[in-house]
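Lettering of chains follows the sequences in order, A, B, ..., and the numbering in each one begins at 1.
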Amino acid sequence: KQEVTQIPAALSVPEGENLVLNCSFTDSAIYNLQWFRQDPGKGLTSLLLIQSSQREQTSGRLNASLDKSSGRSTLYIAASQPGDSATYLCAVRGSSNTGKLIFGQGTTLQVKP
Amino acid sequence: NAGVTQTPKFRVLKTGQSMTLLCAQDMNHEYMYWYRQDPGMGLRLIHYSVGEGTTAKGEVPDGYNVSRLKKQNFLLGLESAAPSQTSVYFCASTNTSLRGNEQYFGPGTRLTVT
């Protein structure tokens, strides 16, 4: 059974710092991995999707990497801003044809001005 | 495009009452999903559908039923609500032929069962 873990559960950094969020999964037979952002009381916004054949994806100040063999993904946020404060969730899609996602519990990030 | 919409946004039920949550998407997606989000538990899949007229159980299906009579709509029903069903419910959809199956989420429905 696929399990997804995100460490740390919470993170507080001063504005301007570069930071890394971690996601690990137990079954390396994944189709893709998706990083989401969730603001308090809101829905999920997709940030980056990495296909199983890819090593990384970039969007602006965000860079996500994937090491399928070791069951790890990282989300790198450069030059953090207070507006980056949110909960970040990673989710993996298995190799079945159902498209189901298995989510980690999230990392809540606070960027202090 | 409105994307994925959910109705209602908030609801308070008494134990034993029933209700239906509506999810609608205007992206012509084949696949649709219902998740629940609880503190410390992350998002867990309740039911899903891979096409009009089809439904299947997810990780936590007990106490819920679903229907997909139209491609654009996915309904989640609670026949007899229990306090354990207090949660935030999210609907999602995806098109398997685009962008590696990126899932798009609705804004959520906050349900409290007293």
Study note, to complete from the structure: Which of A:L48, A:V20, A:L109 passes side-chain contact (heavy atoms from CB on, under 4.5 Å) with A:L75? It is A:L48
**Study point:** Whether A:T74 side chain and A:N22 backbone form a donor-acceptor pair below 3.5 Å
**Key:** no
Exercise for review: Over 60° means perpendicular and under 30° means parallel, so classify the ring planes of B:F105 and A:F103, tilted if in between.
Suggested key: perpendicular
Check your understanding: Which bit of A:K42 comes within less than 4.5 Å of chain B, counting heavy atoms only: side chain, backbone, both or neither?
Key -> backbone
**Study point:** Interchain contact, A:L101 with chain B, by part (heavy-atom threshold 4.5 Å)
**Key:** both
Review point. So which of B:R44, B:E59, B:Q37, B:Q6 has the biggest tally of heavy-atom pairs under 4.5 Å with chain A?
Key: B:Q37
Practice item. With a 4.5 angstrom heavy-atom cut-off, could you sort out which part of A:Q6 is near chain B: side chain, backbone, both or neither? Key: neither
Review point. By a 4.5 Å heavy-atom criterion (distance strictly below it), what part of B:L45 contacts chain A: side chain, backbone, both, or neither?
Key: side chain
Check your understanding: Under 4.0 Å between a Lys/Arg side-chain N and an Asp/Glu carboxylate O for B:D62 and B:K57?
Key -> no
**Study point:** Spacing of CG belonging to A:L66 relative to CH2 belonging to A:W35, to within rounding of 0.5 Å
**Key:** 11.0 Å
